[in-house]
Peer 1: 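Please read through the structure below; I'll follow up with questions.
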Protein chains: 2
Amino acid sequence: MQVNACMIAVMTNENAPPDADRVFKALADPTRRTLLDLLVERNGQTLGQLCANLAMARQSVTQHLGILEDAGLISTRRRGREKLHFINPVPLHEVYVRWVRKFERQRLDLLHDLKQDLEGDGP
Amino acid sequence: MQVNACMIAVMTNENAPPDADRVFKALADPTRRTLLDLLVERNGQTLGQLCANLAMARQSVTQHLGILEDAGLISTRRRGREKLHFINPVPLHEVYVRWVRKFERQRLDLLHDLKQDLEGDGP
DNA sequence: GTCAAGGGCAGGCAAATACCTGCATGATGA
DNA sequence: TCATCATGCAGGTATTTGCCTGCCCTTGAC
């Protein structure tokens with residue numbers, strides 16, 4: 001695989017402010033999560049290809065893709081009259097680092113306490 | 001710390017269907033994320049205590065807490081006339097396991113490809 | 001050039017959302 | 001008991017959201 005400008009932009013997160021709010025709002029819709037799933041299956045699909053799986057007007061899919069792009073979760077590239085869509089895993093990772101980890105700490109503490117308690121209740 | 005019925009419910013996720021949609025929708029609002037942050041800081045706060053940090057009518061905060069509880073992100077317990085709110089990290093972990101990880105794979109692949117490419121371009 | 005394919009843009013509409021006010025209810029303490 | 005504190009419940013409204021239809025622009029094949 002060749003590294004191109006698009007991938008560099010993806011890795012460095014150039015054209016997407018790491019706005020947690022946009023990322024969460026983008027992920028809040030099932031249609032948009034389906035779109036991301038479709039792109040995980042096969043990256044670089046066109047609008048038309050994505051529409052084929054969605055039982056929805058093309059324009060609605062365009063709106064959803066726009067929201068995903070604003071959140072930085074996908075990036076696009078034009079090839080002739082087609083528009084290709086690529087997934088961008090970076091914002092989700094940043095949300096994980098900044099957001100999910102602190103809850104993970106609480107979860108592990110709970111597990112620890114539970115384990116301690118169960119051991120204390122042994123015979 | 002003593003393990004009680006509430007904690008067991010939290011760990012086993014009794015009263016909360018692991019509905020990814022509700023979790024994402026619940027996390028999509030900044031007020032609700034602030035509420036979770038407040039509970040991470042100090043667990044077991046009452047409605048009134050949480051309201052004190054939020055420049056918003058009490059009833060609105062109640063609504064937000066209800067949505068968080070429906071998503072299984074918090075659980076509550078009554079103490080006299082007060083209602084205590086506890087954070088529940090389990091649904092967020094499930095969302096991470098089911099959702100963030102597959103993107104993490106894509107991210108690491110991108111990093112790998114980028115590394116390979118940069119090494120290939122060396123002197 | 002001509003024409004179909006792929007996509008963009010604008011406007012509209014119904015439902016969901018995020019606030020609010022007003023009043024009712026149960027618990028606490030003098 | 002009775003006043004007060006913490007919370008619940010029932011609407012009400014303005015904004016946002018998700019979907020649509022209709023029309024226009026570019027691209028590629030002939």
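Each chain gets a letter, A, B and so on, in the order the sequences are listed, and its residues count up from 1. Note that the structure is predicted; figures quoted are calculated from it, not measured.
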Peer 1: D/dG18 P sits how many Å from A/L27 CG, rounded?
Peer 2: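 So the CG-P distance, A/L27 to D/dG18, works out to 12 Å.
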
Peer 1: Taking the side chain of A/L47 as its heavy atoms from C-beta onward, which of C/dA18, C/dG7, D/dT21 lies nearest to it?
Peer 2: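 Shortest atom-to-atom distance from the side chain points to C/dG7.
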
Peer 1: A/Q49 or A/K25: which one's nearest nucleotide on DNA chain C is closer to the 5' end?
Peer 2: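 The answer here is A/Q49.
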
Peer 1: Check whether any side-chain nitrogen or oxygen of B/R32 sits under 4.0 Å from OP1 or OP2 of C/dA18, and answer yes or no.
Peer 2: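 Yes, within the criterion.
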
Peer 1: Let me know the distance between CZ of B/F24 and P of D/dT17, rounded to the nearest Å.
Peer 2: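 Checked: the CZ to P distance equals 18 Å.
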
Peer 1: Tell me the interatomic distance from A/K83, atom NZ, to C/dA5, atom C1', rounded to whole angstroms.
Peer 2: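 Atom NZ in A/K83 sits about 17 Å away from atom C1' in C/dA5.
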
Peer 1: Out of C/dA18, C/dA27, D/dC20, which nucleotide sits closest to the side chain of B/D29?
Peer 2: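 The answer is C/dA18.
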
Peer 1: Give the nucleotide from the list D/dG8, D/dC20, C/dG7 with an atom nearest to the side chain of A/S60.
Peer 2: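 The nucleotide sitting nearest to the side chain is D/dC20.
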
Peer 1: Whole angstrom is fine here: how far is it from CE in B/M56 over to P in C/dT21?
Peer 2: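 From B/M56 CE to C/dT21 P: 12 Å.
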
Peer 1: State whether the distance check finds a donor on one side and an acceptor on the other, under 3.5 Å, for side chain A/Q63 versus base D/dC19.
Peer 2: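 Yes.
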
Peer 1: CD of A/E82 versus C1' of C/dA5: gap in Å, rounded?
Peer 2: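 Whole-Å distance recorded here is 10 Å.
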
Peer 1: Which is more 5' along DNA chain D, the nucleotide nearest A/G80 or the one nearest B/T62? Just name the residue.
Peer 2: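 Closest to the 5' end, via its nearest nucleotide, is B/T62.
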
Peer 1: At under 4.0 Å, does any side-chain N or O of A/H64 touch on OP1 or OP2 of D/dT17?
Peer 2: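 False: A/H64 side-chain N/O out of range (4.0 Å or more) of D/dT17 OP1/OP2.
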
Peer 1: Base of C/dG22, side chain of B/Q59 - is there a donor-acceptor contact under 3.5 Å?
Peer 2: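 Indeed there is one.
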
Peer 1: D/dT7, C/dG22, D/dT21: which one has an atom nearest the side-chain heavy atoms of B/T46?
Peer 2: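 It is D/dT7.
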
Peer 1: Is there a path of hydrophobic side-chain contacts, each under 4.5 Å between heavy atoms, that joins B/W99 and A/I67?
Peer 2: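 Different hydrophobic clusters.
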
Peer 1: How long is the line joining CG of A/L68 and P of D/dT17, in whole Å?
Peer 2: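 After rounding, the reported distance stands at 14 Å.
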
Peer 1: Does A/T76 put a side-chain nitrogen or oxygen below 4.0 Å from OP1 or OP2 of C/dG7?
Peer 2: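 Indeed not, no polar side-chain atom of A/T76 lies that close.
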
Peer 1: Between A/R81 (CZ) and C/dG6 (P), how many Å, whole number?
Peer 2: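 So the two atoms are 6 Å apart, to the nearest Å.
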
Peer 1: Please name the pair of heavy atoms, one in B/G44 and one in B/L39, separated by the smallest distance, quoted to 0.1 Å.
Peer 2: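 That would be N-CD2, 4.3 Å.
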
Peer 1: Write down the distance between CZ (A/R58) and P (C/dA10), rounded to a whole number of angstrom.
Peer 2: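 After rounding, the gap between these two atoms is 14 Å.
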
Peer 1: Determine the interplanar angle of the B/H93 and B/Y96 rings, folded into 0 to 90°, and report it as parallel if under 30°, tilted if 30 to 60°, perpendicular if over 60°.
Peer 2: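 Rings of B/H93 and B/Y96: tilted, as their planes differ by 30° to 60°.
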
Peer 1: With clusters defined by side-chain heavy atoms of hydrophobic residues (ILVMFWY) lying less than 4.5 Å apart, directly or transitively, does B/L36 cluster with B/L92?
Peer 2: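 Linked within one cluster.
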
Peer 1: Output the distance between atom CG (A/L35) and atom NE2 (A/H64), rounded to the nearest 0.5 Å.
Peer 2: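 Interatomic distance, A/L35 CG to A/H64 NE2, rounded to 0.5 Å: 7.5 Å.
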
